[in-house]
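Please find one structure pasted underneath; my questions will follow.
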Amino acid sequence: MKKTILLADDDANLRRVTEYQLHDEGFAVSAVADGEQALEALRGGTFDVLLTDVLMPGIDGIAVVDRARAIAPDVPAIVITAHGDVATAVRAMQLGAVDFVEKPFTKERLVLAVRKALEYAGLRDENRRLRALVQERATLETFVGGASSLRAVLDDLARVAATEATVLLLGESGTGKELAARAIHALSRRKDAPLVVVNCAALPETLVESELFGHRRGAFTGATEERVGKFEAAHGGTIFLDEVAELPLGAQARLLRVLQEGEVDKVGASTPVRVDVRVVAATRADLESRVKEGSFREDLWYRLNVVPLRLPPLRERAGDVPVLVEFFLAKAARKHGRAIPTVSPEALDRLERHDWPGNVRELENLVERLVVLGRSDRIEAADLPETVRRETPRFGGARIEIGPDGIVLEELEKGLLEEALRRHAGNQSAAARFLGISRQTLIYRMRKFGL
């Protein structure tokens, strides 16, 4: 495909000669007679190089180069100057021109300047591409570990980040849902626009709609001035709604309108406000169960659940604990100005055996505490909290704490049944699948324990 040159020169004869020379070298040329026409062409077309004379009536070539940076910043500019006019050439280079040619110039000098400009643009684009790859790698590397369950999620995350799809991040507390949301934003085309993080569980119920969608002055008692909501603040970028399941139903209805129409209904306003926002939501709750309970809108669930990504808990990431411990030790040591301690094999074994109900966040906090309170350059098993030191036996992949007096098997069975039913909001078929038994067996055992 031919490269296109935009040529601006008020000298008709020189313009025709220059256009012919460039055509002869295989370039497509769009020629205009002054600076105003050049800027108009840049606004409406796509060009690979801008070639402009400096001395033109009205808007001169220097002004064209200056204004072109805002209109078409990726188009390299070359200026045509009078012989010996070094000051003008320097001024043009300071404003962003990549080269200049002096009158009278040969065809060879002209073509060399154009090819250098094209080479410059190619190198710049390649540099951007490489920086983007480095940014993507750095962003995803914040998820430390190599477990296949995590790698699969990161692969999906990288693919969905490049789209505009709404993402629903699922997972227990501490699994890295906010980190995933930040990675999605950093790898998206919106990365240079705002990322607004909202903890829906922390918003006061009486103010949640005002916080998210804004309000007009006088909309309610205490609304003494107009407020810009979180969605307006995120215009052009991404909004991360953490713990979205905790939104009250009224706010859910307004959120649905944003997703459907791209409009925000400010509290107390008569007309909506247009917003361009990508939504990434997260929850540790079972939204399907919340829908059945009536505490979460079914239509909103479908809108949020376009691309669900489940972040695995640490107990499912076999082998990642040692890598994470090493990473967090180095991080905490840098933060607090300490030497990086080593970890004894016994201590590491205890860390690997622990269930980590608080997931990666719990592990990071513990490692930082060990660095801060450490009395030597080696972490021993005795330095660990008692809950981590205590070895919990495994039974078929599950971990069950057994006290010195043993356990009552029937109480254990009843507890498992209750937990399965709780997790699945009383759905017997789902609870049975969770326990690996038939629904009939589940019902029989429920009756046995009066559940």
Side-chain angles (χ1 to χ4, degrees), residues 136 139-140 143 153-154 156-171 173 175-203 205 207-215 227-267 269 272-288 290-291 295-311:
E136 177 176 347
T139 301
L140 295 181
F143 288 91
V153 172
L154 296 185
D156 290 342
L157 185 150
R159 280 195 293 271
V160 76
T163 73
E164 288 293 296
T166 301
V167 180
L168 180 61
L169 300 170
L170 306 169
S173 178
T175 50
K177 297 188 290 296
E178 182 175 338
L179 194 60
R182 292 185 181 279
I184 289 170
H185 177 73
L187 298 175
S188 75
R189 67 172 184 84
R190 297 173 179 265
K191 62 182 180 295
D192 296 324
L195 168 66
V196 176
V197 178
V198 182
N199 182 352
C200 298
L203 296 175
E205 188 168 349
L207 296 177
V208 60
E209 294 186 27
S210 171
E211 288 285 332
L212 286 176
F213 311 112
H215 65 249
R227 182 184 184 87
V228 172
K230 300 295 187 184
F231 274 90
E232 279 188 274
H235 181 72
T238 307
I239 189 166
F240 173 49
L241 301 175
D242 197 10
E243 297 303 339
V244 70
E246 306 310 314
L247 285 178
L249 287 169
Q252 291 178 30
R254 288 181 184 262
L255 174 56
L256 182 64
R257 177 167 171 76
V258 178
L259 292 170
Q260 289 177 331
E261 308 295 338
E263 294 179 341
V264 166
D265 288 321
K266 284 189 149 187
V267 179
V273 177
R274 296 291 300 177
V275 291
D276 172 25
V277 178
R278 183 189 192 170
V279 175
V280 178
T283 182
R284 55 183 169 178
D286 183 347
L287 280 187
E288 191 171 3
R290 294 287 183 97
V291 168
S295 62
F296 201 84
R297 294 180 63 111
E298 185 174 22
D299 45 7
L300 178 57
W301 177 48
Y302 288 134
R303 284 283 179 179
L304 292 175
N305 201 40
V306 176
V307 180
L309 294 178
R310 178 183 175 270
L311 295 172

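We're numbering straight along the sequence, starting at 1. FYI, side chains are in, hydrogens and waters are out, and symmetry mates aren't considered; it's all heavy atoms of this structure.
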Looking only at atom types and distance, does a side-chain atom of Gln252 sit under 3.5 Å from a main-chain N or O of Leu247, one as donor and one as acceptor?
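Yes, the answer is positive, given that a donor and an acceptor are paired below the 3.5 Å cut-off.
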So do the side chains of Val279 and Phe231 get within less than 4.5 Å of each other, counting heavy atoms only?
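Yes, close enough: below the 4.5 Å cut-off.
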Atom of Leu168, atom of Ala282 and distance for their closest heavy-atom approach
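Looking at all heavy atoms of both residues, the shortest contact is CD1-N, 4.3 Å.
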Would you check if Leu170 and Leu311 make a side-chain contact, meaning some heavy-atom pair closer than 4.5 Å?
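Leu170 vs Leu311: side chains apart.
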Between Asp276 and Arg190, does any NZ, NE, NH1 or NH2 come within less than 4.0 Å of an OD or OE carboxylate oxygen?
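Salt bridge between Arg190 and Asp276, a charged N being under 4.0 Å from a carboxylate O: yes.
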For the student: nearest non-hydrogen atoms of Arg290 and Ala285, plus distance:
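So the minimum-distance heavy-atom pair works out to NH2-CB, 3.7 Å.
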Give me the atom names and distance for the closest heavy-atom approach of Ala233 to Val228.
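Scanning both residues, the minimum pair turns out to be N-CG1, 3.9 Å.
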Carboxylate-amine/guanidinium proximity below 4.0 Å for Arg257 and Asp265
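Asp265 and Arg257: salt-bridged.
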Does the pair Val153 and Arg310 meet the rule for a side chain to side chain contact (heavy atoms under 4.5 Å, CB included), with working shown?
CA-CA 7 Å; Val153 172; Arg310 178 183 175 270; 5.8 Å; no
Heavy atoms, side chains only, cut-off 4.5 Å: are Phe240 and Leu169 in contact?
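They are in side-chain contact.
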Within the side chain of Lys230, is there an N or O that forms a donor-acceptor pair under 3.5 Å with the backbone of Val196?
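Judged by distance alone, no pair lies under 3.5 Å.
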Do Glu263 and Val275 have side-chain heavy atoms sitting under 4.5 Å apart?
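Of all side-chain heavy-atom pairs linking Val275 with Glu263, none is under 4.5 Å.
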How far apart are the C-alpha atoms of Leu309 and Val167, what are their side-chain angles, what is the distance that settles it, and do they pass the side chain to side chain contact (heavy atoms under 4.5 Å, CB included) test?
CA-CA 7 Å; Leu309 294 178; Val167 180; 4.0 Å; yes
Distance in Å, Leu187 CG paired with Arg182 CZ, rounded so as to fall on 0.5 Å steps
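Reported to 0.5 Å precision, the distance equals 13.5 Å.
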Would you please test Val277 and Val258 for side chain to side chain contact (heavy atoms under 4.5 Å, CB included) and show each step?
CA-CA 9 Å; Val277 178; Val258 178; 5.6 Å; no
When rounded to the nearest 0.5 angstrom, what distance separates OG1 in Thr283 from CG in Asp242?
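Rounded to the nearest 0.5 Å, the OG1-CG separation comes out at 8.5 Å.
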If you round to the nearest 0.5 Å, how far is CD of Glu243 from SG of Cys200?
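Between atom SG of Cys200 and atom CD of Glu243 there are 8.5 Å.
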Inter-residue atom distance Glu298.CD - Glu288.CD, 0.5 Å rounding:
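Those atoms lie 9.0 Å apart.
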Within the side chain of His185, is there an N or O that forms a donor-acceptor pair under 3.5 Å with the backbone of Ala193?
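Present.
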Check whether any side-chain heavy atom of Val244 lies under 4.5 Å from a side-chain heavy atom of Leu255, and answer yes or no.
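Side chain of Val244 against side chain of Leu255, heavy atoms only: contact under 4.5 Å found.
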State, with a plain yes or no, whether a side-chain heavy atom of Thr163 is found less than 4.5 Å away from one of Val307.
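No, side chains not in contact.
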If you look at every heavy atom in Gly250 and Glu209, which pair is closest and at what distance?
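Minimum heavy-atom separation between Gly250 and Glu209: C-OE2, 3.4 Å.
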From Lys266 NZ over to Phe213 CZ, what is the distance, rounded to the nearest 0.5 angstrom?
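The CZ atom of Phe213 is 12.5 Å from NZ of Lys266, to the nearest 0.5 Å.
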Glu205 CD: over 12 foreign heavy atoms closer than 6.0 Å
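Incorrect, the count does not exceed 12.
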Are Arg297 and Trp301 packed together at the side-chain level, in the sense that at least one heavy-atom pair is separated by less than 4.5 angstrom?
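The answer is no; the side chains never approach within 4.5 Å.
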For the pair Leu241 and Leu212, evaluate side chain to side chain contact (heavy atoms under 4.5 Å, CB included) and give the outcome as yes or no after the intermediate values.
CA-CA 10 Å; Leu241 301 175; Leu212 286 176; 4.1 Å; yes
Do Thr166 and Arg303 come close enough that some side-chain heavy atom pair is under 4.5 Å?
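Thr166 vs Arg303: side chains apart.
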Nearest heavy-atom pair of Arg278 and Ile184: which atoms, and what distance?
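Looking at all heavy atoms of both residues, the shortest contact is NH1-CG2, 3.7 Å.
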Between Glu232 and Arg274, is the closest basic N to carboxylate O distance under 4.0 Å?
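Here Arg274 does not pair with Glu232 in a salt bridge, since their nearest N and O are not under 4.0 Å apart.
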